[in-house]
Amino acid sequence: MSSAATRRVRLLYFAWVREKIGCPEESVELPATVATVADLVAWLKDRGPQYGDAFARPQVVRAALDRVHVKPSAPLGAAQEIAFFPPVTGG
């Protein structure tokens, strides 16, 4: 169970974001300081070189909170699932 200062979310990665990170999804414990999508991207970039590579140009990575597309400034709120993907994904 999460402590009051953190919360667990499911992160999903698609297309080249997934390839750079090396996994399709993971469950992470977010610190309370991570409040927006941009905060999350900055936090992820510090998790290792594969994340830094995937989010080297965050303006080209799209995000969705519980399957709703959002801008980087969007608050994470109570989202349980956060997805990252390139603007265009192929089949």
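No experiment lies behind these values; they were computed from the predicted model shown. Side chains are part of it too, since the values below use all heavy atoms of this structure and drop only hydrogens, waters and symmetry mates.
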**Message:** Between I21 and L44, is the side-chain contact (heavy atoms from CB on, under 4.5 Å) condition met? List the steps.
**Reply:** CA-CA 10 Å; I21 290 174; L44 286 169; 6.0 Å; no
**Prompt:** So, the side chain of Q80 versus the backbone of A78: is there a donor-acceptor pair under 3.5 Å, distance only?
**Reply:** yes
**Request:** Could you check whether the rings of Y13 and Y51 sit parallel, tilted or perpendicular, using 30° and 60° as the cut-offs?
**Result:** perpendicular
**F85 and H69, any side-chain heavy atoms less than 4.5 Å apart** = yes
**Prompt:** Do K71 and V37 come close enough that some side-chain heavy atom pair is under 4.5 Å?
**Reply:** no
**Prompt:** Going by heavy atoms in the side chains, are L30 and T6 under 4.5 Å from each other?
**Reply:** no
**Message:** Can a donor-acceptor pair be found, under 3.5 Å and without considering hydrogens, that links the side chain of R62 to the backbone of Q59?
**Reply:** yes
**Message:** Show the nearest heavy-atom pair for residues A54 and V61, with the distance to one decimal.
**Reply:** O-CG2, 3.8 Å
**E25 and its side-chain contact (heavy atoms from CB on, under 4.5 Å) partner, picked from R10, E81, R18** = R10
**Asked** Hey, does K45 have a side-chain heavy atom less than 4.5 Å from the side chain of V41?
**Response** yes
**Prompt:** Quick one: does D39's side chain have a donor or acceptor within less than 3.5 Å of a partner on T36's backbone?
**Reply:** yes
**Asked** Is L40 close to V9 at the side-chain level, that is, under 4.5 Å between some pair of heavy atoms?
**Response** no
